[in-house]
Amino acid sequence: MENIDILEFNFIGSEDRGYLIALEENKNIPFDIKRVYYTYNVPKGVKRGFHAHKNLEQVLVCLNGSIKVKCDYGTLEKTYVLDNPSKGLYIRNNVWREIYDYSEDAVLVVLASQLYSEDDYIRDYSEFIESISN
Ligand code: T46
């Protein structure tokens, strides 16, 4: 899907010793990492997101548990299940995202290409539709 890719991270280790994954900017993470944040203890039934970004690249990795991410371009939408720490969802601009079905133990870490700026958010769906049709 345009502006979205699934990244598969190489892991090092074994069942005996456990596993290690290293995330490195401009290597398996395709941008300079300016910010890392995470969400956890999200109560059952809560939905988050409901916004798009104007100029932000992010990689979402569900380190524990599982979540669903619905990605919407206005005309097309697709839902991704993140349930494995070796998988990243790489989302770029102009994608409306909704994150839901957080399992009780879900920990979502996000690597971002820019520092936090509320000005970069489009939190109104009709404004989002207008922005992508221009
Ligand atoms: C995204 C999804 C996957 C900050 O102060 N700094 C930060 O770096 C972030 C991300 C948020 N905030 C503040 C802004 C809000 O007052 O924390 C509050 C909660 O943020 P929000 O409601 O946007 O959280 P989510 O989980 O709905 O969305 C977040 C990211 O904002 C968003 O970019 O793609 O995670």
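Read the numbers this way: they start at 1 and go in the same order the structure lists the ligands and their atoms. Just so you know, these numbers use all the heavy atoms, side chains as well, and skip hydrogens, waters and symmetry mates.
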Would you mind checking which non-hydrogen protein atom is closest to atom 8 (O) of ligand 1, with the distance to 0.1 Å? R35 NH1, 2.6 Å
So which bit of I91 gets within less than 4.0 Å of ligand 1, heavy atoms only: side chain, backbone, both or neither? neither
What is the nearest protein non-hydrogen atom to atom 26 (O) of ligand 1, stated with its residue, atom name and distance? R48 NE, 2.7 Å
Quick one: does S66's side chain have a donor or acceptor within less than 3.5 Å of a partner on D83's backbone? no
Regarding D5 and R92, does a basic nitrogen lie under 4.0 Å from an acidic carboxylate oxygen? yes
Look at atom 27 (O) of ligand 1 and say which protein heavy atom is nearest, naming residue and atom and giving the distance to 0.1 Å. G49 N, 2.8 Å
Do E118 and R123 sit within salt-bridge range, that is, some charged N less than 4.0 Å from a carboxylate O? yes
Would a 4.0 Å cut-off, counted as strictly less than, catch a protein heavy atom around atom 14 (C) of ligand 1? yes
Is at least one protein non-hydrogen atom found at under 4.0 angstrom from atom 35 (O) of ligand 1? yes
Could you list which atoms of ligand 1 come closer than 4.0 Å to a heavy atom of I99? 2 (C), 3 (C)
protein heavy-atom neighbour closest to atom 22 (O) of ligand 1 works out as R123 NH1, 4.0 Å
Below 4.0 Å, non-hydrogen atoms only: which portion of E98 touches ligand 1? Side chain, backbone, both or neither. neither
Taking the six-membered ring for Trp, are Y125 and W96 parallel (under 30°), tilted (30 to 60°) or perpendicular (over 60°)? perpendicular
For atom CZ of F11, decide whether the heavy atoms of other residues, nucleotides or ligands shown that lie under 6.0 angstrom number more than 12. no
The closest protein heavy-atom partner of atom 2 (C) of ligand 1 is Y37 OH, 3.6 Å
Nearest heavy-atom pair of A112 and F31: which atoms, and what distance? C-CE1, 3.6 Å
In this structure, atom 33 (O) of ligand 1 is nearest to the protein heavy atom H53 NE2, 2.6 Å
How are the rings of H53 and H51 set relative to one another: parallel (under 30°), tilted (30 to 60°) or perpendicular (over 60°)? perpendicular
Minimum-distance protein heavy atom relative to atom 32 (C) of ligand 1: H51 NE2, 2.9 Å
Would K47 count as a contact of ligand 1 if the rule is a heavy atom under 4.0 Å away? no
Closest protein heavy atom (residue, atom, distance) for atom 16 (O) of ligand 1: Y116 OH, 4.7 Å
Min side-chain heavy-atom separation K87-E8 under 4.5 Å: yes
Would you kindly specify which portion of Y121 sits under 4.0 Å from ligand 1, judged on non-hydrogen atoms: side chain, backbone, both or neither? side chain
Are any of the side-chain heavy atoms of F9 and V59 separated by less than 4.5 Å? yes
With a cut-off of 6.0 Å (strictly less than), are more than 12 heavy atoms of other residues, nucleotides or ligands near NZ of K54? yes
